[in-house]
Each structure stands twice: as structure tokens, then as C-alpha cells.
Peer 1: 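Take this structure, written in C-alpha cells, and hold onto it; I'll ask about it next.
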Amino acid sequence: MSEKTLFEKIIDREIPAKIAYEDDKCIAIHDIDPKAPTHLLVIPKRVIPRIAEATASDAELLGHLLLTAQKLGSEHGPEGFRIVINNGPHGGETVPHLHVHLLAGRPLEWPPG
């Protein structure tokens, strides 16, 4: 059996986190290194290592993650927000467990990164 990801340990309450939202399919936590006044991570409870490894059978869960991020974005960033999914080392991925970054609370510049 492989070792749990950081996010699995948070979901299992083995590591503390500041939880912003939770339901049966996902959890949203405050990022420990925020890049905006609001920086939440919307994490599926079922592990998908990265978006490039998602399959058609993940469609419902992926839609749920985006709708959850939209709901939280509307609450925390009514004037605008950004949703980001990193994929692979060159994409900025640091935890091999798909998650959606929600950034809000200040004007966001383009291009990012």
C-alpha cells in the first residue's frame, strides 16, 4: 500500500488544517502559503493524482470540484476570483493529489506565474 498524500492525511484528520468547507466528496482548506487574501484548496476525497490522469469516470467529481470552487469563489470573492489547477512539476504541482486553487480578495494580474 502506498503512503498517504498530505491531503489524505488532512482529510483523515491526521494533520490539522483550517477547513473552509466540507461535504461527502471534497474538502476545502486555507492554503498555508497564500498567494492572495483568500487562497483555498478544493480537494477531492478520492485521490486523482493529477488532472492529466483523470478519466471520463471522474467527470462527476471534477464537475463537483469546480462547482464547489465557484460557490466558495462567489462567497469569498464576489468582485472576482481565479481557479487554478496545477499539473506536473513544470505546472507547479507540489502534491500528487489533484486540487483546485481558489484565489480572491485582490485584483489578480495576467499572465500569472
Side-chain angles (χ1 to χ4, degrees):
M1 184 170 156
S2 62
E3 188 172 327
K4 288 182 181 181
T5 68
L6 171 68
F7 295 149
E8 285 177 288
K9 291 176 182 178
I10 289 171
I11 291 163
D12 291 342
R13 304 305 197 267
E14 295 171 16
I15 295 175
K18 185 176 177 188
I19 298 171
Y21 174 85
E22 184 172 16
D23 63 28
D24 62 325
K25 295 179 183 168
C26 69
I27 189 169
I29 63 172
H30 291 265
D31 195 298
I32 61 169
D33 184 24
K35 304 304 180 197
T38 296
H39 187 168
L40 301 177
L41 306 177
V42 183
I43 307 161
K45 291 184 175 178
R46 182 168 49 84
V47 178
I48 302 170
R50 61 196 45 85
I51 192 68
E53 295 183 33
T55 66
S57 66
D58 297 316
E60 182 180 342
L61 180 56
L62 295 172
H64 183 76
L65 293 176
L66 290 177
L67 290 172
T68 300
Q70 177 269 338
K71 175 184 181 244
L72 294 168
S74 296
E75 293 170 4
H76 294 274
E79 56 287 319
F81 57 89
R82 181 173 292 159
I83 294 172
V84 177
I85 299 174
N86 299 326
N87 186 84
H90 285 266
E93 176 189 299
T94 59
V95 177
H97 186 145
L98 172 75
H99 54 286
V100 177
H101 293 259
L102 170 68
L103 300 134
R106 67 167 171 81
L108 300 169
E109 297 179 9
W110 195 262

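Bear in mind the structure is a predicted one, so any value in this text is a computation, not a measurement.
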Peer 1: Would you check if L66 and T68 make a side-chain contact, meaning some heavy-atom pair closer than 4.5 Å?
Peer 2: no

Peer 1: Identify whether L72 and I83 are in the same connected component of the hydrophobic contact network (ILVMFWY, side-chain heavy atoms under 4.5 Å).
Peer 2: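 Per the 4.5 Å side-chain linkage, L72 and I83 are co-clustered.
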
Peer 1: Assess the pair H30 and H39: is the distance between their ring centroids shorter than 6.0 Å?
Peer 2: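 They do not qualify: ring centres at least 6.0 Å apart.
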
Peer 1: Does F7 reach the side chain of V95, with side-chain heavy atoms less than 4.5 Å apart?
Peer 2: yes

Peer 1: Are side-chain heavy atoms of I43 and H97 found at a separation under 4.5 Å?
Peer 2: yes

Peer 1: Using atom types as modelled and distance alone, determine if a side-chain donor or acceptor of E93 lies under 3.5 Å from a backbone N or O of G88.
Peer 2: yes

Peer 1: With side chain to side chain contact (heavy atoms under 4.5 Å, CB included) as the test, would you mind laying out the steps for L103 and F81 before giving the verdict?
Peer 2: CA-CA 6 Å; L103 300 134; F81 57 89; over 6 Å; no

Peer 1: Are I85 and L102 co-members of a hydrophobic cluster defined by side-chain heavy atoms under 4.5 Å apart?
Peer 2: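 They do share one cluster, since a chain of ILVMFWY contacts under 4.5 Å joins L102 to I85.
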
Peer 1: Could you state the interatomic distance from OG (S57) to CD1 (I48), rounded to the nearest 0.5 Å?
Peer 2: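 The distance works out to 8.0 Å.
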
Peer 1: Is K9 paired with E3 through a side-chain N to carboxylate O contact shorter than 4.0 Å?
Peer 2: yes

Peer 1: If you look at every heavy atom in P96 and V47, which pair is closest and at what distance?
Peer 2: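 Closest approach of P96 to V47: O-CG1, 4.4 Å.
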
Peer 1: Would you say the side-chain atoms of K25 pair up with the backbone N or O of E60, donor to acceptor, closer than 3.5 Å?
Peer 2: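 No, K25 side chain to E60 backbone: no donor-acceptor pair under 3.5 Å.
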
Peer 1: Are L108 and V84 connected, step by step, through hydrophobic side chains (Ile, Leu, Val, Met, Phe, Trp, Tyr) whose heavy atoms are closer than 4.5 Å?
Peer 2: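 Shared cluster, yes.
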
Peer 1: Establish, from distance only, whether the side-chain atoms of H99 and N86 form a donor-acceptor pair under 3.5 Å.
Peer 2: no

Peer 1: Check K4 with E14, please: is the shortest side-chain N to carboxylate O separation under 4.0 Å?
Peer 2: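 The answer is yes: the pair qualifies as a salt bridge.
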
Peer 1: Is the backbone N or O of R50 less than 3.5 Å from a side-chain atom of E53, with the two atoms forming a donor-acceptor pair by type?
Peer 2: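 A pair under 3.5 Å: no.
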
Peer 1: Mind checking whether T5 and E8 have side chains closer than 4.5 Å, heavy atoms only?
Peer 2: yes

Peer 1: Which value, rounded to the nearest 0.5 Å, describes the distance between D58 atom CG and T55 atom OG1?
Peer 2: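 Result: 4.0 Å between the selected atoms.
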
Peer 1: Output yes when K45 and D23 qualify as a salt bridge under the 4.0 Å nitrogen-oxygen rule, no when they do not.
Peer 2: no

Peer 1: Quick one: are D31 and L40 in side-chain contact, heavy atoms under 4.5 Å?
Peer 2: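 No, too far: nothing below the 4.5 Å cut-off.
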
Peer 1: Answer yes or no: does atom CD of E109 have more than 12 heavy-atom neighbours from other residues, nucleotides or ligands under 6.0 Å?
Peer 2: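 Counting neighbours around CD of E109, 12 or fewer heavy atoms of other residues, nucleotides or ligands fall under 6.0 Å, so no.
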
Peer 1: If you take all heavy atoms of G77 and A104, which pair is closest and at what distance?
Peer 2: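 Looking at all heavy atoms of both residues, the closest pair is CA-CB, 3.8 Å.
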
Peer 1: Can you give me the closest heavy-atom contact between G105 and P37, atom names plus distance?
Peer 2: O-CG, 3.4 Å

Peer 1: Indicate, with yes or no, if V42 and Y21 share a hydrophobic cluster defined by side-chain heavy-atom contacts under 4.5 Å among Ile, Leu, Val, Met, Phe, Trp and Tyr.
Peer 2: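 Yes, one cluster joins them.
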
Peer 1: Hydrophobic cluster membership, with links at side-chain heavy-atom distances under 4.5 Å among I/L/V/M/F/W/Y: are I15 and L41 in one?
Peer 2: yes

Peer 1: Measure the SG-CG distance between C26 and L98 for me, rounded to the nearest 0.5 Å.
Peer 2: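 Between atom SG of C26 and atom CG of L98 there are 11.0 Å.
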
Peer 1: Report yes or no: does R46 contribute a side-chain atom to a donor-acceptor pair with the main-chain N or O of P44 at less than 3.5 Å?
Peer 2: no

Peer 1: Side chains of S74 and Q70: does their closest heavy-atom pair fall under 4.5 Å?
Peer 2: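 In short, these two side chains touch, coming nearer than 4.5 Å.
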
Peer 1: Please confirm whether the backbone N or O of A52 pairs with a side-chain atom of N87, one donor and one acceptor, at under 3.5 Å?
Peer 2: yes

